[in-house]
Enquirer: 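Quick one: the structure is below, and I'll ask about it shortly.
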Amino acid sequence: MGRDTIADIITSIRNADLNRKGTVRIASTSINENIVKILLGEGFLENVRKHRENNKYFLILTLRHRRNKKEPYRTVLNLKRISRPGLRIYSNYQRIPRILGGMGIVILSTSRGIMTDREARLEGIGGEILCYIW
């Protein structure tokens with residue numbers, strides 16, 4: 001039975017956000033690095049750095065939180081895993097869903113690598129829908 005590394009990333013980030021943790025440490029793989037690069041580029045993360053410990057590489061993510069302490073805490077990130085090992089969800093570029101009317105992003109795994117829904121629509125390619133982020 002294999003591990004679902006994408007679900008592990010999403011769960012780690014969601015749990016850290018709910019518990020108001022500033023940083024998250026996840027294993028460094030090529031898929032994880034591509035997803036984290038998208039999250040950083042879209043402004044969902046503040047900073048990412050690579051850390052080596054006992055010949056293993058980890059990514060340390062700095063989460064973006066609301067700074068106002070007077071208001072009740074609301075999560076900044078909402079993440080949802082769509083395609084999973086037991087049920088793969090594929091879409092062509094015309095049927096890629098829009099999250100909150102384009103405010104959120106869909107991360108896709110395409111033949112040209114992992115990209116957002118906007119990039120996939122511009123290039124005219126579809127793929128496996130990995131997750132929604134809003």
Enquirer: Assess R25 against F58: is NZ or CZ under 6.0 Å from the centre of the six-membered ring, and within 45 degrees of the ring's axis?
Expert: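 Yes, a cation-pi geometry holds between R25 and F58.
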
Enquirer: Is there a side-chain contact between I6 and R81 in this structure, where contact means two heavy atoms from C-beta onward sitting under 4.5 Å apart?
Expert: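 A side-chain contact exists here, since the closest heavy-atom pair is under 4.5 Å.
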
Enquirer: Looking only at non-hydrogen atoms, find the nearest pair between G127 and L108 and report the distance.
Expert: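 So the two residues come closest at O-CD2, 4.2 Å.
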
Enquirer: If we check side-chain contact (heavy atoms from CB on, under 4.5 Å) with I26, which of these qualifies: I60, D8, V36?
Expert: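 When side-chain contact (heavy atoms from CB on, under 4.5 Å) is applied between I26 and each of I60, D8, V36, only V36 qualifies.
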
Enquirer: Work out which heavy atom in P85 is nearest to a heavy atom in D4; give both atom names and the distance.
Expert: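 Minimum heavy-atom contact is CD-OD2, 3.5 Å.
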
Enquirer: Work out which heavy atom in L63 is nearest to a heavy atom in A16; give both atom names and the distance.
Expert: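 That would be CD1-CB, 3.7 Å.
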
Enquirer: Does some side-chain heavy atom of T110 sit less than 4.5 Å from a side-chain heavy atom of I114?
Expert: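 Side-chain contact under 4.5 Å: no.
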
Enquirer: Quick check against the 3.5 Å criterion: does N32 have a side-chain atom that pairs as donor or acceptor with the backbone of A27?
Expert: yes

Enquirer: Between D117 and G104, what is the shortest heavy-atom contact and its length?
Expert: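 So the two residues come closest at OD2-O, 4.5 Å.
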
Enquirer: Cation-pi between K80 and Y132: NZ/CZ under 6.0 Å from ring centre and within 45° of the ring axis?
Expert: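 That pair does not qualify as a cation-pi contact.
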
Enquirer: Between E33 and K50, is there a salt bridge with N-O shorter than 4.0 Å?
Expert: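 Counted as a salt bridge, because a side-chain N and a carboxylate O are separated by less than 4.0 Å.
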
Enquirer: So does I89 get a backbone contact from the side chain of S83, meaning a donor-acceptor N/O pair under 3.5 Å?
Expert: yes

Enquirer: Check whether R121 reaches the backbone of I96 with its side chain - one donor and one acceptor, N or O, closer than 3.5 Å.
Expert: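 Yes, R121 side chain to I96 backbone: donor-acceptor pair under 3.5 Å.
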
Enquirer: Without swapping roles, check the side chain of R14 against the backbone of L79 for a donor-acceptor pair under 3.5 Å.
Expert: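 Checking the backbone N and O of L79 against the side chain of R14, a donor-acceptor pair under 3.5 Å is found.
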
Enquirer: Would you name the heavy atoms of F44 and I105 that are closest together and state the gap between them?
Expert: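 Looking at all heavy atoms of both residues, the shortest contact is CE1-CD1, 4.0 Å.
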
Enquirer: Output yes when a side-chain donor or acceptor of N34 lies under 3.5 Å from a complementary backbone atom of S30, and no otherwise.
Expert: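 Here the side-chain-to-backbone pair exists.
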
